Amino acid sequence: MDDNGKTQTHDDRHSDAALPRFAVVGHPNKGKSSVVATLAQNDSIAIAMESGTTRDSHRYPMKVDDFTLYELVDTPGFQRPRKVLAWLQGHSLSASDRPDTVAAFVTQHSDDPRYHDECELLRPIVEGAGIIYVVDGSVPYNREHEAEMNILRWTGRPSLALINQIGSDDYSADWEAALGQYFQIVRRFDAVRAPFEKHLELLRSFGELAPNWREPLDAALEYLQALKFGRDHQALECMADALIEMLGHQQTVRLGEHERAALLLPTLRQRWQAWQREREQRLRHSVEDLYQHRRLQRQESDLSLPDGDDLFGERTRQLWGISKGQLAAAGFGAGAVGGAGLDAATLGHSLGTGALIGGLLGAAGSYYYSDKLTKVKLGPLSGGFREAIYGPLKDPQFGYVVLGRALVHWYQISQRNHAGRDVLVVTDSDGHWLEELSRGDRNGLQKSLLALSRRRFEPSKRQRLIEQLELAQQAFAQWQMKRFSEGQ
């Protein structure tokens with residue numbers, strides 16, 4: 001998709017005439033720019049509550065890999081629709097000349113400041129764009145709206161109406177009855193909260209407006225679905241790399257032969273935590289870039305707690321980690337898998353003793369490390385100096401803290417529309433998504449996290465980690481859907 005962009009003048013793979021183009025029009029301040037921002041996946045489009053924010057029309061191509069799928073034209077709102085309609089009626093001889101009469105109005109009034117907004121919104125339609133007429137379903141329609149709908153019908157262009165519910169009152173049924181008389185298709189669409197599947201449904205509706213748009217819009221659907229899948233997978237790769245780096249990170253400093261290592265502990269711990277926070281923020285930005293959310297404001301609640309609780313606080317552990325019992329159970333499973341090797345080596349003569357021993361050791365190890373923070377370690381003396389090393393943190397819960405926070409952020413970003421302008425709050429949770437993972441998958445994840453925290457993770461196992469994170473991602477999404485269903 002074009003990062004900067006607005007006007008698209010040339011495309012190597014589509015002729016300009018074949019490109020589906022839609023002018024998004026309507027009354028001022030009814031959500032036109034929000035619709036454009038969401039469907040163009042562009043959070044740079046200005047959206048404001050006051051009317052008159054959009055004074056000129058702007059084109060926003062929806063592009064993937066330099067391939068323009070379709071183009072949306074954001075336009076100013078109608079200002080004098082009844083006067084424009086009166087002019088049209090006074091200059092038309094029959095229904096057959098109505099499109100030409102609208103074109104004549106734009107030509108004659110292009111330099112008239114009184115009709116600047118009408119000319120801006122009608123020009124792309126006169127030039128061949130389809131119409132997306134946006135109304136607010138929370139307010140009743142009136143004569144101004146009827147004039148607008150009449151003008152748009154006079155253009156003779158393919159048209160679709162969207163009911164965008166902004167307020168709490170609901171006049172949608174009245175709107176549907178009225179809009180159905182003027183537009184080929186009428187849909188309800190919440191530009192800020194509509195899920196991705198609703199975007200695709202809307203594109204399918206666009207394809208019904210004109211036969212020559214069906215093929216390019218079907219291609220657009222395929223592109224967008226592939227794009228969503230690709231972004232989800234790339235997000236997993238970002239998470240895997242962050243986990244590998246964060247769980248295995250060490251902070252080091254040179255220490256004189258007679259200096260006491262214990263005195264360095266607070267400084268090293270502080271630097272280690274600062275590095276972890278910075279690395280986590282890089283992960284956040286990477287995921288936001290993937291989904292084209294480059295201008296959002298984000299607040300992570302744990303980092304703003306007034307009592308100073310944060311990523312490393314006990315409350316955060318309770319929220320995003322797993323209990324000691326769960327940790328021990330996962331450790332038992334992971335250890336049992338390793339212990340099974342003993343049973344295999346003895347051709348079964350150990351009667352499962354190997355698995356039992358491995359499980360107990362795994363559980364004990366996990367439980368033991370759950371309360372252990374790292375200490376400063378010293379390297380060998382060389383040239384009068386030793387290397388003081390802090391990290392990695394061998395608490396297995398740390399991996400779940402990092403992963404849980406990353407999944408919450410990913411989920412919120414992947415579900416967020418580009419019309420959203422509210423601050424993204426990375427929320428807490430009162431349950432745990434790990435329950436959606438099978439025991440075997442949980443054990444596999446546990447083994448990988450432990451290997452990372454003990455710096456025993458081989459680079460060749462990165463792909464396996466990504467596969468485990470994909471299962472975790474699916475489990476997290478299922479958990480979120482259950483929570484959403486229970487809240488209905």
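Both backbone and side-chain heavy atoms feed into the values below; hydrogens, waters and symmetry mates do not. Since we're looking at a predicted model, the values are computed, not measured.
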Do the rings of Tyr133 and Phe183 sit parallel, tilted or perpendicular, given the 30° and 60° boundaries? parallel

Taking salt bridge (charged side-chain N to carboxylate O under 4.0 Å, His left out) as the definition, give me every residue that meets it alongside Lys461, ordered by chain and number, with sequence neighbours left out. none

Results of side chain to side chain contact (heavy atoms under 4.5 Å, CB included) for [X] - residues two or more places apart only:
X      : answer
Tyr141 : His145, Glu146, Asp174, Trp175, Ala178
Ala191 : Ser34, Val35, Thr38, Asn164, Phe189
Arg82  : Arg143, Glu144, Ala147

Using the rule given for side-chain contact (heavy atoms from CB on, under 4.5 Å), can you reason through Leu227 versus Gln41, listing the C-alpha separation, both sets of side-chain angles and the distance that settles it, and then say yes or no? CA-CA 12 Å; Leu227 181 66; Gln41 299 190 12; 4.2 Å; yes

With Gln415, which residues qualify under side chain to side chain donor-acceptor pair (under 3.5 Å), at least two apart? none

Below 4.0 angstrom, N of the basic side chain to O of the carboxylate: do Arg462 and Asp241 qualify? yes

Less than 4.5 Å apart, side chain to side chain, heavy atoms only: is that true for [X] and [Y]?
X      : Y      : answer
Ser414 : Arg231 : no
Gln468 : Arg464 : yes
Leu152 : Tyr182 : no
Phe105 : Cys119 : yes
Val135 : Lys30  : no
Leu296 : Arg416 : yes
Leu403 : Leu469 : yes
Trp479 : Lys482 : no

[X] [atom1]: over 12 foreign heavy atoms closer than 6.0 Å:
X      : atom1 : answer
Gln478 : CD    : yes
Glu127 : CD    : yes
Asn142 : CG    : yes

Of all the heavy-atom pairs spanning Val186 and Gly180, show the shortest one and how long it is. CG2-N, 3.9 Å

Heavy-atom closest contact (Ala235 atom, Leu290 atom, distance): N-CD1, 3.4 Å

Name the residue from Leu162, Ile185, Ile163 that meets the side-chain contact (heavy atoms from CB on, under 4.5 Å) definition with Leu179. Ile163

Quick one: side chains of residues 200-208, donor-acceptor pairs under 3.5 Å with protein atoms, not counting sequence neighbours, listed by atom name and distance.
from	atom 1	to	atom 2	distance (Å)
Ser205	OG	Arg187	NE	3.2
Ser205	OG	Arg187	NH2	3.4
Ser205	OG	Glu201	O	3.2

Using a 3.5 Å distance criterion without hydrogens, assess whether the side chain of [X] forms a donor-acceptor pair with backbone atoms of [Y].
X      : Y      : value
Glu120 : Ser57  : yes
Tyr70  : Leu39  : yes
Trp410 : Asp232 : no

For Glu288, the option from Arg294, Arg282, Arg298 that meets salt bridge (Lys or Arg N to Asp or Glu O under 4.0 Å): Arg298

